[in-house]
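Quick one: structure below, then a few questions.
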Amino acid sequence: MNAHEQDPPAVSSPASSLRPPDFDDALYLMLNQDVAGAVAAGAYASGEAHYLAHGAREGRRYLPPLDEPVLPQGPVVLSLALVPAAPGFTPAPAARLMAHAVEALRVSAGGGVFVSGWIDDAADPLLELRIEGEGWSTSLAGGMLARVRRRDVEAVVSTSEPHGFGFWSFAELGHPILRSRRCRVHLRTARGVGVALDVECRGIGDIELRSLVLAGLVENDWFDSAWTAAGIGLDGGTGDQIVALNRRITAGAVADPVVQHFGPAGGTPTASIIVCLYGRPEYLPLQCALFAGGAGMEGCEFVYVSNSPDLADRLLRDARIASLVHGTRITLVLLSGNAGFAAANNVAMRYARSERIIICNPDVIPLQPDWAQRHAELVATLPAERTALFGLPLFYETGALMHGGMYFEIDASVLTQPGGLAARETVRVQHYGKGAPPDTADYLRARPVPAVTGAFISCRRDVYERLGGFNEDYVFGHYEDADFCLRAIGLGITPWLHDVRMYHLEGQGSARHAAQQGAMIVNRWLFARTWAARVRDGLLGPEPSHKMMRTPAPRRRR
Amino acid sequence: MAPGHPDLGGGEGAQAAATLFEGLRETGGVHPVLLSSIGRSWPALFKPGAHITAFDARPHQYLFLSHDIDPLWHRNREPLLVEAYAEFLRLTAPGVVHFFDFATFGIELLSLTRRILPSCRIVVSFQDALAICAADGSLVRRVDGTACNGASPVRCHHCIPERTPEDMFLRARWMMAHLAAADVFIVPSAVLRGEYGRFGLPAERLVQLGTAGPPEAMASTYLALYRAPA
């Protein structure tokens with residue numbers, strides 16, 4: 001509202017009842033000249049009065065805007081100060097100062113907050129870390145505050161007992177926030193000792209923040225296996241926060257894609273082949289050429305979706321050429337960022353015109369030139385329940401089998417950490433016949449399987465839609481295919497494997513960077529949390545006992 | 001379809017194509033067209049906005065203003081050039097398209113030619129083993145300078161480590177996918193005939209022919225090949 005307008009009746013709201021601890025009246029008036037005018041005119045007693053009545057709700061600044069300050073390199077040990085303990089906590093008589101440092105505080109405008117540092121709290125455990133910014137605050141406590149090993153601190157503290165001096169956390173506030181140059185960080189211990197710090201706060205983009213958090217999962221010095229320890233850390237709430245951040249980034253990346261169509265538009269295709277490109281644009285012309293010309297391909301269309309905006313121009317050119325050379329209908333969906341496998345396929349699905357959807361990796365090519373005809377015959381002749389959702393055997397270029405369906409195993413691991421042992425389960429997704437000789441009949445025969453790889457999934461459009469597509473909670477990619485199939489089983493739809501053969505040129509590729517490895521940790525954690533119980537209920541092992549996994553007697557629809 | 005033009009310093013392939021063109025031009029009932037690819041080394045010959053243009057006011061001789069060819073896949077990455085070629089085919093409607101080269105045109109032009117002109121005869125002359133060997137078609141191993149006795153994904157990766165075995169596997173299939181559009185392959189030697197046979201080209205489509213000789217003789221030889229039953 002205009003600062004000179006009459007005060008409205010007092011409205012009770014969180015914003016109107018809070019005076020930020022770092023609020024400075026003179027600074028507020030300097031930043032809000034209209035308020036200064038109103039105060040001078042007597043409309044308000046002070047800047048604070050205006051802020052409490054209106055300013056907070058209106059999102060007015062009381063700190064200078066962020067201009068990306070450069071943080072000093074290395075640990076920053078901030079001055080220590082005792083502050084009054086929070087209400088309800090009585091400081092113990094023996095309370096004493098603890099050495100500590102908040103080393104990194106990063107905030108994204110979208111509402112993500114990352115913090116890391118250390119504290120010598122072996123004698124009086126850190127209970128809560130509260131961060132207050134301009135008009136927002138968040139409390140990180142319990143499982144939300146992951147503890148990690150800090151060997152440098154151990155050396156200084158000279159402790160003989162293993163203790164996680166490091167702390168590390170991430171919170172997704174769920175709403176945009178103002179980024180300011182400094183934030184107030186409160187540390188509170190079990191004995192009620194509170195410490196308040198003014199910490200330099202660096203603004204960061206959401207995508208960079210996601211990379212920072214994911215990399216932290218891998219690069220932190222956990223007490224034991226990062227896979228296990230980080231997984232346990234995610235249980236405390238950080239995992240859900242990372243998923244929420246990823247969801248927000250993904251939503252932005254898939255909003256308003258650029259869509260271009262090439263080639264003949266007439267008629268409804270017999271199949272829509274949806275391909276998510278991972279950054280190697282040459283796969284588009286290569287795959288089009290290697291699919292083209294085979295019997296049955298004349299009725300198919302390609303829908304390519306790109307997660308790499310920097311490749312957009314190249315892909316537009318390549319799609320135009322490929323469509324002209326092969327006479328193929330190609331739709332190109334260009335996203336503004338990396339939305340990951342699930343969201344990219346889901347958005348591409350909107351532009352597929354067929355009732356038969358094929359999800360295909362860019363490095364999958366036909367082993368049998370007439371695969372499309374064979375595929376169409378399966379769909380036309382087999383009972384509908386066997387082709388609602390199915391995969392194919394995939395082969396390496398070496399000739400060995402790469403995939404003959406997927407099954408699940410559960411692994412238990414135990415983590416040694418301060419305070420005792422922590423047990424953890426992970427669900428491992430295994431391919432039937434990985435590396436087996438090419439004609440291993442047991443893996444090639446048509447049969448129900450617990451899951452099929454997302455490198456090639458054929459399903460009816462209504463099945464895809466009923467399932468709501470792939471689960472976009474997974475970060476970048478991995479486990480969406482197994483999740484998709486398990487959800488299908490939950491709806492009574494059995495995944496099948498049918499013997500039409502394709503190559504999958506799955507290679508080692510380039511080394512995964514830390515953020516990708518961190519994403520794998522999140523996905524593994526998420527998959528285990530979601531599906532471990534369900535898998536144990538009849539879907540465990542290569543010969544699952546679930547009634548839907550029993551091979552029915554052969555029969556044809558007609 | 002010539003890799004350059006002799007008057008612009010083209011090599012053996014350009015000379016052979018030009019000689020054949022000259023011989024065919026003197027043959028009754030045949031209307032040859034020479035399409036010579038030239039690269040950026042002759043910028044003055046590039047007409048703004050044109051992709052295929054006449055050459056030096058010479059009847060039935062054209063320049064294919066080539067650029068942006070991928071060096072591994074030998075793929076043409078310029079859609080305007082590819083579209084210009086398609087239009088050129090529609091306008092000239094040849095009964096035979098003879099590629100003396102694919103590397104400067106883009107190998108997918110073979111498939112495009114087949115799609116635009118389903119019943120034309122497509123002939124490919126190999127000067128080397130470029131379709132087989134990513135080491136400049138030399139079939140000489142870069143690791144030790146010895147003759148290569150058989151391309152394979154792993155052996156090619158060994159020779160060119162920056163490319164994975166999967167890339168090499170794909171390259172071979174990419175080449176074969178487009179070469180499949182051709183009816184006849186002409187090789188200059190028995191060695192290359194053997195190599196392309198092992199590569200997977202049908203033996204009955206591989207013809208060993210020299211590319212030297214007077215225009216009339218070349219025209220006679222190649223016309224017989226063009227007119228031979230499929």
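Letters go in sequence order (proteins before strands), and every chain restarts at 1.
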#### Entry: Pairwise distance CD1(A/I321) to CG(B/L81) - rounded to 0.5 angstrom
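The CD1 atom of A/I321 sits 8.5 Å away from the CG atom of B/L81.
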
### Task
Check each atom of A/Y283 against the heavy atoms of chain B and say whether the ones under 4.5 Å are side chain, backbone, both or neither.
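Only the side chain of A/Y283 comes within 4.5 Å of chain B.
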
### Task
Below 4.5 Å from any heavy atom of chain A, which atoms of B/R114 appear? Answer side chain, backbone, both or neither.
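Nothing of B/R114, per the 4.5 Å heavy-atom cut-off to chain A.
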
### From CG (A/L505) to CZ (B/F169), nearest 0.5 Å
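Taking CG in A/L505 and CZ in B/F169, the distance rounds to 6.0 Å.
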
### Message
Closer than 3.5 angstrom, by distance alone: can the side chain of B/R173 be matched with the main-chain N or O of A/L286 as a donor-acceptor pair?
### Response
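No.
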
### Under the salt bridge (charged side-chain N to carboxylate O under 4.0 Å, His left out) test, residues paired with B/E195 that sit two or more places apart
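Residues passing salt bridge (charged side-chain N to carboxylate O under 4.0 Å, His left out) with B/E195: B/R198.
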
### Toward chain B, the part of A/Y396 with a non-hydrogen atom under 4.5 Å
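Looking at A/Y396, nothing touches chain B.
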
### Query
Is chain A contacted by the side chain of B/R77, its backbone, both, or neither, given a heavy-atom distance below 4.5 Å?
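Both backbone and side chain.
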
### Separation between CD of A/E397 and OG1 of B/T164, rounded to the nearest 0.5 Å
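These two atoms lie 7.5 Å from each other.
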
### Task
Specify the closest pair of heavy atoms between B/R115 and A/H326, including all atoms of both residues, with the distance to one decimal.
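Smallest heavy-atom distance, with atoms named: CD-C, 3.4 Å.
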
### Task
Taking all heavy atoms of A/A289 and all of B/A177, pick out the closest pair and write down the distance.
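Scanning both residues, the minimum pair turns out to be O-CB, 4.0 Å.
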
### Message
A quick test of your reading: do over 12 heavy atoms of other residues, nucleotides or ligands sit less than 6.0 Å from NE2 of B/H67?
### Response
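Correct, the count exceeds 12.
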
### Message
Using only non-hydrogen atoms and a strict under-4.5 angstrom cutoff, which residues of residues 299-319 of chain A touch chain B?
### Response
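When heavy atoms of chain B are the reference, residues 299-319 of chain A contributes A/R314, A/R317, A/D318 within the under-4.5 Å range.
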
### Query
So how far is it from B/L170 CG to A/L290 CG, rounded to the nearest 0.5 Å?
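The CG atom of A/L290 is 6.5 Å from CG of B/L170, to the nearest 0.5 Å.
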
### Task
For atom CD of A/Q430, decide whether the heavy atoms of other residues, nucleotides or ligands shown that lie under 6.0 angstrom number more than 12.
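Check passes, neighbour count above 12.
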
### Contacting region of A/P285 [heavy-atom separation from chain B under 4.5 Å]
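Backbone plus side chain of A/P285, per the 4.5 Å heavy-atom cut-off to chain B.
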
### Query
For B/D144, does the CG atom have more than 12 heavy-atom neighbours from other residues, nucleotides or ligands under 6.0 Å away?
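Atom CG in B/D144 is crowded, with more than 12 foreign heavy atoms closer than 6.0 Å.
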
